[in-house]
Enquirer: 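Below is the structure I would like to discuss, written out as structure tokens.
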Amino acid sequence: MTMGKEKWRLPAEMRHGKKPARKGRPRRSQPKPFRQGLILGICIGMTAALVIGVVGFLATRPRTAEPVASSPPAAAEQNNAAEPAAAISITSEHLGDLQVRIEARVSAPGSYDPITKGQVVAYTDMVAMPMAHKNGPIVMAEMSGRQGVYEAVTNVPMAGEYNIIVEVKQPMASTANQRLDVGTVTAK
């Protein structure tokens, strides 16, 4: 049987006349100055950041947050008081196949006389995904034979609960809203 030539190699330390390392305890290498400086710099930086944070926390006074739904300023209240808002009564229904009919009865405040020839628009907005499926402005037309009653038919993008918003722009500004559940195929 013939065996191929095998090359025997000695470790580099033995080939160049160096003594092999001892197999007992490993030698402790001297720590490198870069590593020591890096660790020292991180420690000093984190300590300084902590001190600045604590001083900032102790030096500042807490402020009370304003409520999210705060009342409007006095000037805005005076403008609203000077200009009366129209009374709006909304009736909406699901016609089927994601089609919605919106009807709004608009009347003057106090006397409740119907407002004719007004600018009335509607918006539909899905409650579960606000602003994702908002439609509008949908122009509402006054129904013939029914003074102060405006109507519009629109399609919504998907089934779900919708917020129907009706806004009167002229002759007196006002807004009202109503919720409507839209099914998939048939009406309620």
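All residue numbers refer to positions in the sequence shown, counting from 1.
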Enquirer: So, for Thr124 and Ile138, which heavy atoms are closest and what is the spacing to 0.1 Å?
Expert: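 Heavy atoms only, the tightest pair is CG2-CD1, 4.3 Å.
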
Enquirer: Could you report the tightest heavy-atom contact between Val121 and Pro137, atom names first, then the distance?
Expert: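 Scanning both residues, the minimum pair turns out to be CB-CB, 4.0 Å.
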
Enquirer: Taking salt bridge (charged side-chain N to carboxylate O under 4.0 Å, His left out) as the cut-off, I'd like each qualifying pair that reaches into residues 166-176, sequence neighbours left out, listed once.
Expert: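 Counting only pairs at least two positions apart or across chains, the salt bridge (charged side-chain N to carboxylate O under 4.0 Å, His left out) contacts touching residues 166-176 are Glu167-Lys169.
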
Enquirer: side-chain contact (heavy atoms from CB on, under 4.5 Å) with Pro114: which residues, sequence neighbours excluded?
Expert: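 If we apply the side-chain contact (heavy atoms from CB on, under 4.5 Å) test to Pro114, skipping adjacent residues, the hits are Gln147.
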
Enquirer: Nearest 0.5 Å, please: how far is OH in Tyr123 from OG1 in Thr154?
Expert: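 Answer for the OG1-OH pair, Thr154 versus Tyr123, is 12.5 Å.
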
Enquirer: Working to the nearest 0.5 angstrom, can you tell me the gap between Arg35 CZ and Ile39 CD1?
Expert: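 That separation rounds to 7.0 Å.
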
Enquirer: Are the side chains of Val100 and Leu180 in touch, meaning some heavy atoms are under 4.5 Å apart?
Expert: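 When only atoms from C-beta onward are counted, Leu180 and Val100 do touch, with a gap below 4.5 Å.
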
Enquirer: Are any non-hydrogen side-chain atoms of Val153 and Leu95 less than 4.5 angstrom apart?
Expert: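 A side-chain contact exists here, since the closest heavy-atom pair is under 4.5 Å.
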
Enquirer: Could you tell me which non-hydrogen atom of Ile88 sits nearest to which non-hydrogen atom of Ala176, and how far apart they are?
Expert: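 Closest pair (atom of Ile88, atom of Ala176, distance): CB-CB, 3.8 Å.
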
Enquirer: Which pairs count as salt bridge (charged side-chain N to carboxylate O under 4.0 Å, His left out) when at least one residue sits in residues 125-153, sequence neighbours excluded?
Expert: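 Pairs touching residues 125-153 that pass the test: Arg101-Glu151, Glu103-Arg146.
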
Enquirer: According to side chain to side chain donor-acceptor pair (under 3.5 Å), who are the partners of Ser174, at least two apart in sequence or on a separate chain?
Expert: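 Listed in chain order: nothing, the list is empty.
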
Enquirer: When you measure from the side chain of Tyr150 to the backbone of Gly118, do you find a donor-acceptor pair of N or O atoms at a distance under 3.5 Å?
Expert: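 Checking the backbone N and O of Gly118 against the side chain of Tyr150, a donor-acceptor pair under 3.5 Å is found.
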
Enquirer: Would you mind reporting whether Glu161 and Met126 have side-chain heavy atoms less than 4.5 Å apart?
Expert: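 With C-beta onward as the side chain, the pair stays apart.
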
Enquirer: Please identify each residue that fulfils side chain to side chain donor-acceptor pair (under 3.5 Å) with Ser111, with sequence neighbours left out.
Expert: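 Only Asp113 meet the side chain to side chain donor-acceptor pair (under 3.5 Å) criterion with Ser111.
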
Enquirer: Hydrophobic cluster membership, with links at side-chain heavy-atom distances under 4.5 Å among I/L/V/M/F/W/Y: are Met129 and Val182 in one?
Expert: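 Same cluster.
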
Enquirer: Any heavy-atom pair between the side chains of Ile115 and Met172 that's under 4.5 Å?
Expert: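 Touching, per the 4.5 Å side-chain cut-off.
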
Enquirer: Applying side-chain contact (heavy atoms from CB on, under 4.5 Å), name anything that partners Val55, two or more places apart in sequence or on another chain.
Expert: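 Val55: side-chain contact (heavy atoms from CB on, under 4.5 Å) contacts with Val51.
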
Enquirer: Can you measure from CD1 (Ile165) to CG (Asn135) and round to the nearest 0.5 angstrom?
Expert: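 Reported to 0.5 Å precision, the distance equals 11.0 Å.
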
Enquirer: Less than 4.5 Å apart, any side-chain heavy atom of Pro171 and any of Lys117?
Expert: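 No, too far: nothing below the 4.5 Å cut-off.
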
Enquirer: Can you list, by chain and residue number, the hydrophobic cluster partners of Phe57 when the side-chain cut-off is 4.5 Å?
Expert: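 Joined to Phe57, directly or through intermediates: Leu50, Val54, Leu58.
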
Enquirer: May I ask you to test the Arg179-Val127 pair for a side-chain heavy-atom distance under 4.5 Å?
Expert: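 With C-beta onward as the side chain, the pair touches.
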
Enquirer: Taking C-beta and beyond as the side chain, do Met140 and Val166 meet within less than 4.5 Å on heavy atoms?
Expert: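 Contact flag for Met140/Val166 side chains = yes.
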
Enquirer: Could you report the tightest heavy-atom contact between Ala122 and Ile102, atom names first, then the distance?
Expert: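 In terms of heavy atoms, the two residues are closest at CB-CD1, 4.0 Å.
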
Enquirer: Listed by chain and number, what are the side-chain contact (heavy atoms from CB on, under 4.5 Å) partners of Ile52, not counting sequence neighbours?
Expert: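 Not a single residue meets the side-chain contact (heavy atoms from CB on, under 4.5 Å) criterion with Ile52.
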
Enquirer: Test of understanding: with side chain to side chain donor-acceptor pair (under 3.5 Å), list the residues that count as partners of Asn155, not counting sequence neighbours.
Expert: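 So Asn155 forms no side chain to side chain donor-acceptor pair (under 3.5 Å) with any residue.
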
Enquirer: Checking Gln178 now: which residues fulfil side chain to side chain donor-acceptor pair (under 3.5 Å) with it, not counting sequence neighbours?
Expert: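 Scan of Gln178 (side chain to side chain donor-acceptor pair (under 3.5 Å), adjacent residues dropped) gives Ser92.
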
